[in-house]
Amino acid sequence: MTTLKAVRGTRDLLPPETALWDRIEATARKVFTCYNFGEIRTPIFEDTGLFARGVGEETDIVSKEMYTWEDRARAQSEKSQSLTLRPENTAGVVRAYIEHKLGESGQLQKLYYIGPQFRRERPQKGRYRQFWQIGAEVIGPPSAGSESALRDAEVLEMLATLLDELGIAGWTLELNSVGSAADRTRYNDVLRAALAEVAPRMCADCQRRAVTNPLRVLDCKVPEDQPIIATLPVIADSLDDASRAHFAQVTAALDAAGVPYNLNHRLVRGLDYYTRTTFEFTHGGLGAQNALLGGGRYDGLSESLGGPKAPGIGFAMGLDRLVLTLQAQEHVQKAASPQGTQVDAYIAPLGENMNAPALALARELRRAGMRVELGDGSFRLKKSFEASERCARRIVILGEDELASGVLTVKDFATGGQSKVPRAELAKLLAEAAGS
Ligand code: HAM
């Protein structure tokens, strides 16, 4: 029989690596709390129309990467419905914002999420078909200040702080403004006109995009097309005064906060909802998939989903890529060294009739916050020592005598010292040693 394996582009995350995932998530939650964000959890699948309307029919994500199926009705009262595993979370958050009338509070909504997303992309290093994002959105009625350039700068400053807190060294912030919807229409016309002449010399995808969605041409990675793309008009020249002023305020606030950035006129991003400020944080160590995170403003998304006017800005970080980057950095390897994975104590019951008292002792120590591994009384003492030395800082031996006297034998593997410890003092001793 053939053995079953995880599906192409998906993978299992196993300990001890998952400890790093947990640490990243905990750091993100801590930083988000400091900036007064609350957590939102939206469903993993949604109506297909949400992504078609939100992300855009012409994007790669919607046109070729979604996991979509026709969900059959189970009762006469139901209709069958086209559903899709979420390829990203912004559309779902904005749907929830509209559905729960969050705008009616008059306040800015600051929401973060951590969870899996699904895209049928060609798997490679840093690119998976199920991947994880840590993201956040700031959205609200214009009267709450949701359009303010300060929101953009605050989100970017928070990201710089979060990457620094995570210990990610050497990130670059690539920044651009793709203007308002009207600016984009103007730029699309300028670009389409410029492309009419050069597109026949470009790749097949660009030839198609030149007609359907000229902005996407700027995303092209085909080396032969790059000199042509370099000659195309830039979006900065199509921005109106209001968009130009908005972007100038964003960069001025970043300058004041001391957050470094690169202006990148070609950064247009792969989703259609963006307006004005768009950005990516990249990292050289990631190879071809070098975007640690991406985001931007989406001032018309709520309306395009049938909601009220609710400008917003947000981002999503690729958790898989944060892990890859940190793993490549030396100090994290140290944190994952045997010292970090060892438990405080290994309890070795001497004989099977000691198994039950050993479980009781383990429960006592674990309730006191100790990390404890429980051996088995069917092991000989030698095997218990071998097993414990691999995973624990010390072994606690529990035999008939120890149980009767309430004094346990403890061997510390780091010092080699062996001592007799009254049961009542064991948790305290382990806690002191763990803190030292
Ligand atoms: P995105 O640029 O499509 O934006 O994805 C954000 C990040 O998710 C990327 O920079 C990358 O780190 C990670 N990512 C994307 N696809 C994959 C993949 N196949 N494998 C591994 N990691 C991946 C969005 O999703 C927007 N919703 C971000 C946003 C939020 N914009 C405004 N608010």
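Note that the coordinates shown come from a computational prediction; the quantities given were computed from them, not determined experimentally. Indexing begins at 1, ligand by ligand and atom by atom, following the structure's order.
Residues Glu58 and Asn213 have side chains that never bring a donor and an acceptor to within less than 3.5 angstrom of each other.
At least one heavy atom of Gly296 lies less than 4.0 angstrom from ligand 1.
The closest non-hydrogen atom to atom 12 (O) of ligand 1, taken over Gly314, Gly312, Ala291, Gly54, comes from Ala291. Around atom 30 (C) of ligand 1, the closest heavy atom drawn from Thr90, Val155, Leu293 belongs to Thr90. Here the shortest heavy-atom distance to atom 26 (C) of ligand 1, taken over Trp132, Phe315, Tyr273, belongs to Tyr273. Distances from atom 24 (C) of ligand 1 to the heavy atoms of Gln289, Gln133, Met317 put Gln133 nearest. Counting only non-hydrogen atoms, the option in Tyr113, Phe279, Phe281, Tyr274 that gets closest to atom 31 (N) of ligand 1 is Tyr274.
Taking the ring centroids of Phe32 and Tyr112, they lie under the 6.0 Å cut-off.
Proximity of a side-chain donor or acceptor of Ser243 to a complementary backbone N or O of Asp240 within less than 3.5 Å is not detected. Listed for the Ser180 side chain is a donor-acceptor partner under 3.5 Å among the backbone atoms of Asp183. Judged purely by atom type and a 3.5 angstrom limit, His283 uses its side chain to pair as donor or acceptor with the backbone of Ala169. Between the Arg366 side chain and the Val372 main chain, a donor and an acceptor come within less than 3.5 Å of each other.
The shortest contact between atom 7 (C) of ligand 1 and any protein heavy atom is with Ala316 O, 3.4 Å. From the protein, the heavy atom lying nearest to atom 4 (O) of ligand 1 is Arg269 NH2, 3.0 Å. When only non-hydrogen protein atoms are considered, atom 23 (C) of ligand 1 lies nearest to Phe131 CD1, 3.3 Å.
Closest approach of Lys309 to Pro311, counting heavy atoms only: C-CD, 3.9 Å.
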Step by step, work out the salt bridge (charged side-chain N to carboxylate O under 4.0 Å, His left out) result for Glu147 and Arg276.
CA-CA 10 Å; Glu147 263 170 321; Arg276 296 194 167 173; 5.3 Å; no
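Neither the backbone nor the side chain of Ile313 comes within 4.0 Å of ligand 1, counting heavy atoms alone. The backbone and the side chain of Arg127 each have at least one atom closer than 4.0 Å to an atom of ligand 1 (non-hydrogen atoms only). If you look at Glu137 next to ligand 1, the close heavy atoms, those under 4.0 Å, all belong to the side chain.
To the nearest 0.5 Å, atoms CD (Gln117) and CD (Gln133) are separated by 4.5 Å.
By the 3.5 Å distance cut-off applied to N or O atoms, Gly318 is counted among the residues near ligand 1.
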